[in-house]
Amino acid sequence: MADEVKACWEDSAEAWAEFVRTGKDLSRECFNNPSTFAMLGDIHGKTLLDVACGEGYNSRLLAKRGAKVTGIDFSARMIGLAKEEESIEPLGIEYHNLDASNLKGIGDSTFDIVTCLMVYMDFEDIEGVTREVARVLKPRGFAIISMPHPCFEMSWQNGKKVAGWVFENEGDPLNRGRPLYVKQSDYFRTGRYEINWNMPRLKTHFRTISFKRTLTDYVGVLGRHGLYVSDLVEPKPSKEALARDPSSEKHLRVPESIIFKAVKVDG
Ligand SMILES: C[S@@+](CC[C@H](N)C(=O)[O-])C[C@H]1O[C@@H](n2cnc3c(N)ncnc32)[C@H](O)[C@@H]1O
């Protein structure tokens, strides 16, 4: 299974890079990144590990804010794309092709900050990843961890939507009409799910695998590894974001994502 998860990301690397680099990842642009950077505060001069950095879009933004950034990802193609950008515009970022659940070669208590941005749902071995995040953080260092909001995220079973936004014209993907409300009829079901990235604005469609978990699961795993949640944000679009993507209005009513700040209190 781990191999299949990885193979999907390997196959999707170029399509993912096109999605992110051309501003088509509207949730990132309109509310996830603004909220993440507000939570991070001043990172100038801090050592920062960007776990599961993908093709490095956010690693580059973090480096431009003055952090000394290392990025890791288990997809060799993602890391290849990130290194290519680093050679075109050097920002002093180091990239390594590593699995987040085994950060071999990275010493204990190395980083002031670890970021895991819109990625915790993608980790199959969440226990192993959290153990590693805690290990490489300095005491009193913190992690910023984000993901789709477990209470409201879209979920499908046997081809039927069991959670997520319900639109006026549910059957028509090209003209769905107004978003009416979020339904949730399956919150406690956990496990693997597939995402078909088939939005019309994408140049190439692709498929990835993620893991559905509850809020209890996430807060529990952090606590078991000495990472205590000190802050939590459910991002909302700003006025500028609403002007750029009017469809994000629905996230003034119900959040799409959640961001945890977790401080290492042991060790
Ligand atoms: C949704 S993308 C997010 C990338 C990046 N954090 C961003 O915000 O642009 C998920 C990334 O997680 C990586 N990934 C998933 N599981 C991983 C693991 N166990 N170890 C390292 N990388 C992993 C994938 O290869 C992919 O690049």
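Whatever order the structure lists them in is the order used to number ligands and atoms, beginning at 1.
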- Query: Would you call the rings of Trp197 and Phe206 parallel, tilted or perpendicular, where under 30° means parallel and over 60° means perpendicular?
  - Reply: parallel
- Task: Using the salt bridge (Lys or Arg N to Asp or Glu O under 4.0 Å) rule, collect all pairs that involve residues 213-229, keeping only residues at least two apart or in two chains.
- Result: Glu127-Arg224
- Message: Is it true that, when you exclude Met199 itself, more than 12 heavy atoms of the residues, nucleotides or ligands shown sit nearer than 6.0 Å to its CE?
- Response: yes
- Item | Parallel, tilted or perpendicular: rings of Phe260 and Tyr218 (30°, 60°) | tilted
Show the atom names and distances, to 0.1 Å, of all donor-acceptor pairs under 3.5 Å that link a side chain in residues 176-183 to residues at least two apart or in another chain.
| from | atom 1 | to | atom 2 | distance (Å) |
| --- | --- | --- | --- | --- |
| Arg178 | NE | Glu168 | OE2 | 3.3 |
| Arg178 | NH2 | Glu168 | OE2 | 3.4 |
| Lys183 | NZ | Lys161 | O | 2.9 |

- Message: Show me, by chain and number, every protein residue that has a heavy-atom distance under 4.0 Å to ligand 1.
- Response: Trp9, Trp16, Arg28, Ala52, Cys53, Gly54, Asn58, Asp73, Phe74, Ser75, Met78, Leu98, Asp99, Ala100, Leu117, Met118, Val119, Asp122, Phe123
- Note on the structure: side-chain hydrogen bond (donor to acceptor under 3.5 Å, both in side chains) pairs touching residues 70-81, sequence neighbours excluded, are Glu10-Ser75, Glu14-Arg77
